[in-house]
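Below you'll find the structure, written out as structure tokens, and then a few comments.
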Amino acid sequence: MDETDGVRERYLAAIAAAADEAALEAVRVAALGKKGEVSGLMRGLGAMSPEQRQTAGPALNALKDELTEALAQAKERLGDAALEARVAAEWADVTLPGRPAGQGTVHPVSQVTDEVVAIFADLGFSVAEGPQVESDWYNFDALNMPPEHPARQEHDTFYMARSEGDNRPPHVLRTHTSPVQIRHMEAHGVPCRVIAPGRVYRADYDQTHTPMFHQVEGLAIDRDISMANLKWVLEEFCRAFFEVDGVELKFRASHFPFTEPSAEVDIRCSWAGGQLRVGEGDDWLEILGSGMVHPKVLAAAGVDPEAWQGFAFGMGIDRLAMLKYGIPDLRAFFDSDLRWLRHYGFAALDIPTLQGGISR
Ligand code: 2U9
């Protein structure tokens, strides 16, 4: 019997006896690892005479190959056995009912934003977006709101904290989406027709104000755009949004720093029986602000006010949603309970795929 035979028998027996892949790996390391027994024998070849090496060398190589092959076969066998054990132990009852999916629907503010975007798209306006954290230059100065303007006061605007010694100009949470349109004119020039929907922030919280709300503003700049164009665009918008043919708008003179002249716009309505009806009755409801863009604002955006002019308007999306769907309290928008949405007859809840998940 040759010297390697004892080693061979021992390791083949250990491989056969290994109960799992970890035990098998321990056998492999003991035999063929860097400090393993077979590796040690192979290192010993160097000290042998050429004649001894001639017989011991091939014998050791054959031993290494045989153990490697036996390890591979054992690994496959143990792997199969482990899988079979898992298959036997784990099984799925396909007859069990599925886990109920979380209920959800489109938020009214998202739905109204989509409606507004679609209507203005039909009127030739594209959507512009921009950052919610703005420099005070884009949020205020470019919009003709000088440093002493009351809206710039700490108690109306959220200022971003600066670490001590950081003397860069302040950044704010944008208080309107107007800076988006300044950026749009800078980047794309004029003529332009854009709307800028999005979140805005003001330090205000009561029954009719939340610190974050949603606005959509519009801007149309060209060589000869007038307030007549503004009036037509707003009438078309109101007709489509409130789904009434006979809308009537009243323009009341007002003042905004970024428009001149400026007008607040009321829509004819009735509150008969406590329910809002647009386009009929003797009441007027304020729905938006508007005006001709101030020449200083055009100049701040790099547009020559001698050659270009146009209108701008702004409205609150949350308020539009409340008016259209008869939602009385702004705080409903921050409530995740679907019952009130159903109560106000939200169209999105009528999508059949959503209805299955909503208990009646
Ligand atoms: C540029 C120039 C002018 C946007 C305008 C209003 C009037 C306005 C309010 C409505 C309700 C804000 O959400 S609200 O509180 N907005 O009355 N917004 S004109 O004027 C612009 C915008 C961009 C470059």
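Just so you know, residue 1 is the first one in the sequence shown, and it goes up from there.
Both the sub-6.0 Å distance and the 45° axial angle are satisfied by Lys324 relative to the ring of Phe241. The side-chain tip of Arg202 does not point at the ring of Phe158 from less than 6.0 angstrom away and within 45° of straight on.
Legend: residues meeting side chain to side chain donor-acceptor pair (under 3.5 Å) with Arg28, ordered by chain and number and at least two apart, are Glu25. Residues passing the side chain to side chain contact (heavy atoms under 4.5 Å, CB included) test with Pro97, sequence neighbours excluded: none. For Gln73, the side chain to side chain contact (heavy atoms under 4.5 Å, CB included) partners at least two apart in sequence or on another chain are Glu69. Residues passing the side chain to side chain donor-acceptor pair (under 3.5 Å) test with Ser110: none are found, sequence neighbours excluded. Applying the side chain to side chain contact (heavy atoms under 4.5 Å, CB included) criterion to Ala89, with sequence neighbours excluded, gives no partner residue.
For residues 271-314, every residue pair satisfying the ring pair (Phe, Tyr, Trp, His ring centres under 6.0 Å) rule, not counting sequence neighbours, is listed here: Phe120-Phe313.
With respect to Arg152 and Asp141, a salt bridge is recorded, a charged nitrogen being found less than 4.0 Å from a carboxylate O.
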| task | Test Asp283 against Arg277 for salt bridge (Lys or Arg N to Asp or Glu O under 4.0 Å), laying out the working first. | result | CA-CA 10 Å; Asp283 284 323; Arg277 270 180 237 280; over 6 Å; no
| Stepwise, does the side chain to side chain contact (heavy atoms under 4.5 Å, CB included) test hold for Val117 with Ile195? | CA-CA 8 Å; Val117 166; Ile195 57 166; 4.1 Å; yes
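The aromatic rings of Phe256 and Phe258 sit parallel, their planes meeting at an angle under 30°, below the 60° perpendicular limit.
Between the side chains of Thr208 and Asp206, at least one donor N or O sits under 3.5 Å from an acceptor N or O. Checked by atom type, the side-chain pair Ser270/Asp282 shows no donor-acceptor distance below 3.5 Å. Side-chain contact annotation: Tyr138 with Glu186, donor-acceptor N/O pair under 3.5 Å present.
The side-chain hydrogen bond (donor to acceptor under 3.5 Å, both in side chains) with Thr175 is formed by just one residue from the set Asp156, Thr157, Asn139; it is Asn139.
Across Met315 and Phe237, no two heavy atoms sit closer than the pair CE-CE2, 3.6 Å.
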